[in-house]
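Structure first, then comments.
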Amino acid sequence: GAGVSQSPSNKVTEKGKDVELRCDPISGHTALYWYRQRLGQGLEFLIYFQGNSAPDKSGLPSDRFSAERTGESVSTLTIQRTQQEDSAVYLCASSLGVGQPQHFGDGTRLSIL
Amino acid sequence: TQLLEQSPQFLSIQEGENLTVYCNSSSVFSSLQWYRQEPGEGPVLLVTVVTGGEVKKLKRLTFQFGDARKDSSLHITAAQTGDTGLYLCAGTLFDSWGKLQFGAGTQVVVTP
């Protein structure tokens, strides 16, 4: 597709389970970003990848959160031992390079019961 | 703690009226962006301003970047119902190109 694709669009899981969220960036975009958006709030930076450089993980809220990216393609965000405060929309964005305009997917709405 | 403070948090106006949304910070930004987000969708970029004092116009929308690069405003003239949405400002600091710092957003509702 032409835009950033995220899956699943919705995920409901029980507290304590692990979840994996997927992001397919726009083809040719070397930079990929993950954000978290809690209800009624702005976006909170989590992590970004730029080419083969080490990712900037400074926004990850705890060691239960991790992300990987294969080359300049798909990325997965994993949350282990989910807690209720992890409930949020997780948004992925990509750009031609760091500092270039970011294009967002529609997000994954994660609900922890 | 959010670096960018947006005001107001919520704005309800009638079609044809004008509105202004503000984005303020004590930090200096290399660039500032405005996004609009609709329910169930990701934010969509409206504009990027990079020069202090810069003014950009996009049809009925006017964006201004403060001279000191610490603040920005979005002005909508003759609002339409299609302007309804969550308006987010986001900035990039000089020493962290990859991170966008977002404000909490302004929910704008335009009624017929």
Side-chain angles (χ1 to χ4, degrees), chain A residues 1-10 21 23-26 29-51 53-60 67 69 88-109, chain B residues 1-11 21-25 27 29-51 56 58 63 72 74 85-109:
Chain A
V4 176
S5 177
Q6 291 188 245
S7 60
S9 54
N10 286 283
L21 313 180
C23 173
D24 282 275
I26 294 172
H29 281 195
T30 63
L32 185 147
Y33 315 78
W34 283 98
Y35 295 87
R36 178 170 71 180
Q37 186 175 28
R38 291 197 164 113
L39 188 64
Q41 296 186 21
L43 281 66
E44 174 189 4
F45 168 81
L46 297 177
I47 185 171
Y48 84 84
F49 299 86
Q50 167 58 45
S53 303
D56 182 335
K57 305 179 181 180
S58 59
L60 294 178
R69 187 182 187 192
V89 176
Y90 289 82
L91 289 154
C92 174
S94 70
S95 66
L96 281 170
V98 170
Q100 297 295 310
Q102 297 184 23
H103 300 265
F104 285 83
D106 288 338
T108 293
R109 183 174 298 278
Chain B
T1 304
Q2 286 185 302
L3 287 182
L4 286 164
E5 298 290 334
Q6 284 189 241
S7 62
Q9 290 182 305
F10 181 82
L11 194 54
V21 177
Y22 299 94
C23 179
N24 295 290
S25 178
S27 299
F29 290 89
S30 63
S31 68
L32 227 144
Q33 302 175 10
W34 284 92
Y35 291 81
R36 184 170 74 201
Q37 185 178 24
E38 302 199 29
E41 299 182 5
V44 175
L45 180 66
L46 297 174
V47 77
T48 300
V49 285
V50 297
T51 305
K56 277 194 176 178
L58 184 65
F63 305 86
S72 181
L74 157 61
L86 179 68
Y87 288 83
L88 295 157
C89 68
T92 303
L93 296 170
F94 282 98
D95 59 353
S96 52
W97 292 98
K99 295 182 195 180
L100 270 181
Q101 308 282 348
F102 277 86
T106 295
Q107 180 63 51
V108 171
V109 175

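Proteins get letters first, then strands, A, B, ... in listed order; numbering begins at 1 in each. Just so you know, these numbers use all the heavy atoms, side chains as well, and skip hydrogens, waters and symmetry mates.
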Once you round to the nearest 0.5 Å, how far does [atom1] of [X] lie from [atom2] of [Y]?
{"X": "B:K99", "Y": "A:I47", "atom1": "NZ", "atom2": "CD1", "answer": "11.0 Å"}
{"X": "B:L100", "Y": "A:S95", "atom1": "CG", "atom2": "OG", "answer": "9.0 Å"}
{"X": "A:Y35", "Y": "B:F102", "atom1": "OH", "atom2": "CZ", "answer": "5.0 Å"}
{"X": "B:L45", "Y": "A:H103", "atom1": "CG", "atom2": "NE2", "answer": "7.5 Å"}

Heavy-atom proximity to chain A below 4.5 Å, by part of [X]:
{"X": "B:L4", "result": "neither"}
{"X": "B:L88", "result": "side chain"}
{"X": "B:Q37", "result": "side chain"}

Exercise. Should B:P43 and A:L91 count as side-chain neighbours, where that means a heavy-atom distance under 4.5 Å?
Worked result: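 Heavy-atom side-chain distance check passes, below 4.5 Å.
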
Exercise. Tell me, side chain or backbone of A:Q37 under 4.5 Å from chain B's heavy atoms, or both, or neither?
Worked result: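 A:Q37 touches chain B through side-chain heavy atoms alone.
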
Exercise. Given that the side chain runs from C-beta out, which part of A:Q50 has a heavy atom under 4.5 Å from chain B: side chain, backbone, both or neither?
Worked result: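 The answer is neither part of A:Q50.
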
